[in-house]
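Note that the coordinates shown come from a computational prediction; the quantities given were computed from them, not determined experimentally.
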Amino acid sequence: MRAAFMYGAGDVRVETVPDPILNQPTDAIVRIVRACVCGSDLHPFHDMPAGAVGTPMGHEFLGVVEEVGSEVRTLAPGDFVIAPFAWSDGTCDFCREGLQTSCRHGGFWAGNGIGGGQAEAIRVPQADGTLVKIPAGVDAALYPSLLTLSDVYGTGYHAAVRGRVTARTTVTVIGDGAVGLMAVLSARQLGAERIILMGRHTSRTDLGREFGATDVVAARGEEGIALVRELTGGDGTHVVLEAVGHLPAYEQAVGVVRAGGVISRVGVPQYEQAPVGFGSLFGPNVTLTGGPAPVRAYIDRLLPGVLDGSVQPGKVFDRTVSLSETPEGYRLMDSREALKVLIAP
């Protein structure tokens, strides 16, 4: 089969490798129907050290089950499934608490001998706990929206849930990438009536307005902070959803959060040290939360709206490539020529 590998910064290759096989009785083999490039894939695309062995890439996919292990009970060959970006057993204490990203027997794609989702097929560990079966015969036009449930929609929703967004909260979303736009959509679904989107790409912020943003602030840094404060009577917003992961975005979050408010981070942090002291968080009683989204906990909740078409998160995909064109998909996203790239193997 063919699969994408990263050999270093800017070096993505599609190669022919052996087909995956069952390794454990709880495994399934899935033929991938749709995958994509994630904004978090761009972090190693920028700074991964060059190496002689490639790293498999991709953690978002839809597919069809081709084979199951002897202990798999809820799936059968032919089932159409969504795969969350973390695999999990669904039975440990963390999974029962809705924190599948900390599953005692789980892990993440493209690590510890598990392949990546930017491929023609993949071995899925803990298949019963991981994969979500979709009703048979679903319209292919829904595939992009279904694929967002693998990561970005669930991640944006996680940001809003952890931020405790309600109808009584004002919200700032930092970042106009796919996750930021899903955070806007999710904040609206949870009832927020005032949502300020901080982003400077008009095609993206226009989609943000469609998803529910009431205001757009294109400026960054101190200028952007001042504009959000001006929009909110000097106070800032009750909730800030940070969907970028770089330190300047976090600093903006600190600058626009209201006293007593919440900063919810779901952009993968590219830093270890950040302001958390008296003047930034402690003094104004600001809560810092967020983390990798346990999207498996949210799929059942979000799936009905996708299936009936009342929610269309798949609009974040604005370019489609074949698997062999995956390196070009990375380039398009890195150059901001595409918001999010869909891969159709």
Hey, does the side chain of [X] reach the backbone of [Y] with a donor-acceptor pair shorter than 3.5 angstrom?
X: Ser88; Y: Gln100; result: no
X: Trp109; Y: Pro84; result: yes
X: Arg188; Y: Gly212; result: yes
X: Glu120; Y: Arg2; result: yes
X: Asp206; Y: Ser203; result: no
X: Thr170; Y: His238; result: yes
X: Arg265; Y: Pro269; result: no
X: Thr169; Y: Val239; result: no
X: Thr130; Y: Ala127; result: no
X: Glu242; Y: Ala253; result: no

Verify the cluster assignment for [X] and [Y]: are they in a single hydrophobic cluster under the rule of side-chain heavy atoms below 4.5 Å apart?
X: Leu303; Y: Met182; value: yes
X: Phe61; Y: Leu342; value: no
X: Val33; Y: Leu146; value: yes
X: Ile32; Y: Ile134; value: no
X: Leu339; Y: Val179; value: yes

Less than 4.0 Å between a side-chain N and a carboxylate O, is that true for [Y] and [X]?
X: Arg104; Y: Asp89; answer: no
X: Glu337; Y: Arg319; answer: no
X: Lys340; Y: Glu60; answer: yes

(Q) If you apply the rule ring pair (Phe, Tyr, Trp, His ring centres under 6.0 Å), what do you find for Phe317 with Tyr143, and how did you get there? (A) CA-CA 11 Å; Phe317 290 105; Tyr143 286 3; over 10 Å; no
Kindly compute the distance separating [atom1] ([X]) from [atom2] ([Y]), expressed to the nearest 0.5 Å.
X: Leu307; Y: Ser145; atom1: CG; atom2: OG; answer: 10.0 Å
X: Arg209; Y: Ile195; atom1: CZ; atom2: CD1; answer: 12.0 Å
X: Arg164; Y: Ser264; atom1: CZ; atom2: OG; answer: 9.5 Å
X: Arg204; Y: Leu181; atom1: CZ; atom2: CG; answer: 8.0 Å
X: Thr205; Y: Glu210; atom1: OG1; atom2: CD; answer: 12.0 Å
X: Arg162; Y: Thr289; atom1: CZ; atom2: OG1; answer: 3.5 Å

Closest heavy-atom contact between [X] and [Y]?
X: Ala28; Y: Leu131; answer: CB-CD1, 4.4 Å
X: Cys95; Y: Gly90; answer: SG-N, 3.4 Å
X: Ser102; Y: Phe94; answer: O-CD1, 3.3 Å
X: Ala9; Y: Asp47; answer: CB-N, 3.9 Å
X: Phe85; Y: Ala293; answer: CZ-O, 3.1 Å
X: Ala119; Y: Pro345; answer: O-CG, 3.8 Å

Q) Should the heavy atoms of other residues, nucleotides or ligands under 6.0 Å from CZ of Arg229 be counted, would the total exceed 12? A)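 Above 12, so yes.
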Q | Neighbour count above 12 (heavy atom, 6.0 Å) for Asn112 CG | A |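 No, not enclosed.
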Student check: side-chain heavy atoms of [X] and [Y] closer than 4.5 Å:
X: Thr26; Y: Asp128; answer: no
X: Val37; Y: Gln118; answer: yes
X: Ile299; Y: Ile82; answer: yes
X: His59; Y: Ser40; answer: yes
X: Asp176; Y: Leu207; answer: no
X: Leu22; Y: Glu67; answer: yes
X: Ser150; Y: Val295; answer: no
X: Glu328; Y: Leu332; answer: yes

Q: Could you give me the CA-CA distance, side-chain angles and deciding distance for Val65 and Val81, then say whether side-chain contact (heavy atoms from CB on, under 4.5 Å) is met?
A: CA-CA 7 Å; Val65 175; Val81 293; 3.9 Å; yes
Q. Can the positive tip of Arg13 be found less than 6.0 Å from the middle of the six-membered ring of Tyr7, inside 45° of the ring normal?
A. yes
Q. Given the rule in the side chain to side chain donor-acceptor pair (under 3.5 Å) test, do Thr172 and Thr237 qualify, once you have shown the distances and angles that lead to the verdict?
A. CA-CA 6 Å; Thr172 297; Thr237 56; 2.9 Å; yes
Q | Audit row: Ser324, Ser322, side chain to side chain donor-acceptor pair (under 3.5 Å) steps and yes/no | A | CA-CA 5 Å; Ser324 62; Ser322 66; 3.0 Å; yes
(Q) Evaluate Thr155 against Asp151 for side chain to side chain donor-acceptor pair (under 3.5 Å), listing each step before the verdict. (A) CA-CA 6 Å; Thr155 295; Asp151 185 349; 2.7 Å; yes
Q.
Going by salt bridge (charged side-chain N to carboxylate O under 4.0 Å, His left out), name the residues that satisfy it together with Arg31, two or more places apart in sequence or in a different chain.
A. Glu66
Q | For Tyr330, ring pair (Phe, Tyr, Trp, His ring centres under 6.0 Å) partners two or more places apart | A |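 Once residues adjacent in sequence are excluded, the partners of Tyr330 under the ring pair (Phe, Tyr, Trp, His ring centres under 6.0 Å) criterion are Phe45.
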Q) Tracing side-chain links under 4.5 Å among I, L, V, M, F, W and Y, which residues wind up in one group with Tyr271? A) Ile174, Ile196, Met198, Val217, Ile225, Leu227, Val228, Leu231, Val240, Val244, Leu247, Tyr250, Val254, Val256, Val257, Ile263, Val276, Leu281, Val286, Leu288
Q: Quick one: do Met57 and Asp41 satisfy side-chain contact (heavy atoms from CB on, under 4.5 Å)? Show the steps, please.
A: CA-CA 8 Å; Met57 296 303 297; Asp41 293 333; 3.8 Å; yes
Q | Tyr298 and Tyr157 aromatic ring geometry - parallel, tilted or perpendicular at 30°/60° bounds | A |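 The arrangement is perpendicular - the two ring planes meet at more than 60°.
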Q) Does the pair Met1 and Val17 meet the rule for a side-chain contact (heavy atoms from CB on, under 4.5 Å), with working shown? A) CA-CA 6 Å; Met1 72 166 192; Val17 295; 3.8 Å; yes
(Q) Go through it in stages, so that I can follow the logic: the residues are Phe5 and Val14, the test is side-chain contact (heavy atoms from CB on, under 4.5 Å), and I'd like the CA-CA distance, side-chain angles, deciding distance and then a yes or no. (A) CA-CA 6 Å; Phe5 295 84; Val14 177; over 6 Å; no
